[in-house]
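Encoded as structure tokens, the structure appears first; notes follow it.
In what follows, chains carry the letters A, B, and so on, assigned in the order in which the sequence lines appear, proteins first and then strands, with residues in each chain numbered from 1. Please read all numbers here as calculations on a predicted model, not as lab measurements.
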There are 2 protein chains.
Amino acid sequence: MSCEEVFFQQLREQGFRLTPQREMVLSVLHEIEGFATAEEIYERVSAISSSVDISTVYRTLELLQDFRMVASVDPGDGQRRYELLGLHGHHLHLVCRSCGEIIGVELGAIEPFADRMKKEQGFDLAVEHLSIPGLCRACSRD
Amino acid sequence: MSCEEVFFQQLREQGFRLTPQREMVLSVLHEIEGFATAEEIYERVSAISSSVDISTVYRTLELLQDFRMVASVDPGDGQRRYELLGLHGHHLHLVCRSCGEIIGVELGAIEPFADRMKKEQGFDLAVEHLSIPGLCRACSRD
DNA sequence: TTGTCTGCAAACTATTTGCACCGAG
DNA sequence: CTCGGTGCAAATAGTTTGCAGACAA
């Protein structure tokens, strides 16, 4: 069953409605295959059908997050990024402070640190919401 | 030489002026010994001398960050926190998504992960700007 | 005196919300 | 037909900025 079909079925099961707007947002997220701001998604949706409102995009993104089909990261630049969760599920995000590139990394990489914080501080890391600032390979060369 | 004296001297050396507002912000940051929002700092400064503007607080905090005397964290709740960097220098921050508590941890704890990202992804972590969401001991008990 | 700093008020900007109409089921 | 969803417009809220006057050096 494709990603869209899963979403559409879950919608129905929980009494939500399938609207063209929701279809378009999901389809745009597929096209993008990576991170996008609400604004970028809104522009792409607008290109397909004008007079779709950005507030609908936000509302749909929230819905998709409730369904665990979309994750969002806050890179700290005041503009949240959204990402379609494929079969890979959540990963953590390295955010380049210079060029803005976002690199997805499997959660396993940070597990030793997460375990350490749990043991030393009793702190449960929410790794799926983690975005880590720094400099990507290209930018750290300069 | 005390923290204030360092700041005042650096100000002079670089042609900035020492104003009562700047003194008050620094003094309030000392009192607090931890994290505070711009609003909290503003309130405390207002208690000392009314009619100090919050924009001045923001401007002073930015100046203090330029001088590496203050660090700021974005816990992702839309309200940045500021912290006086004492003799300990930077540390990383565990931010509780439930109660908002911020726990400071020495940078050493995340070094193995930082090294791994550098090697595997060529990504240079900006550990001093790192804030990690999760649940603190008290909140994860519930 | 000089030109930095400040208070004030207005601008910004990403996101959220109230509301009346629209349209999926 | 119902009532959940949408577009529109206005509200939010933390932070930033333009400007004329205040004041540190």
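If you take CG of B/L63 and C1' of C/dT6, they are 14 Å apart, rounded to a whole angstrom. The CD-C1' distance, from B/Q14 to D/dA25, rounds to 17 Å in whole Å. Counting to the nearest Å, the C1' atom of D/dA24 and the CD atom of B/E23 are 12 Å from each other. Atom CZ of B/R80 is separated from atom C1' of D/dA13 by 15 Å (rounded to the nearest Å).
Listed for the A/Q14 side chain is no donor-acceptor partner under 3.5 Å among the backbone atoms of A/L11. Between the A/R22 side chain and the A/R17 main chain, a donor and an acceptor come within less than 3.5 Å of each other.
Mapping B/D77 and A/L11 onto DNA chain D by nearest heavy atom places A/L11 closer to the 5' end of the strand. DNA chain C is contacted by both A/G78 and B/Q21; B/Q21 maps to the nucleotide lying nearer its 5′ end (nearest heavy atom per residue).
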Can you give one letter per nucleotide of nucleotides 16-25 of chain C, 5' to 3': B if a protein heavy atom sits under 4.0 Å from the base, S if only from the sugar-phosphate, - if neither?
BBB----BBS

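Between A/Q79 and C/dT15 there is no side-chain polar atom (N or O) within less than 4.0 angstrom of OP1 or OP2. One finds no side-chain N or O of A/T56 lying less than 4.0 angstrom from the OP1 or OP2 phosphate oxygen of D/dT6. For D/dG5, one of the phosphate oxygens OP1 or OP2 lies less than 4.0 angstrom from a side-chain nitrogen or oxygen of A/R22.
Within the 4.0 angstrom heavy-atom criterion, no nucleotide atom of any strand lies near B/E39.
Of the candidates A/L94, A/L92, A/V73, A/V105, A/L130 forms a side-chain contact (heavy atoms from CB on, under 4.5 Å) with just one, namely A/L92.
Aromatic rings from A/F35 and A/Y82 are positioned such that their centres are separated by 6.0 Å or more.
Here the CZ-CD distance, from A/F8 to A/E13, works out to 14.0 Å after rounding to the nearest 0.5 Å.
Put simply, A/I54 and A/I48 are part of the same group of oily side chains (I, L, V, M, F, W, Y) that touch within less than 4.5 Å, one to the next.
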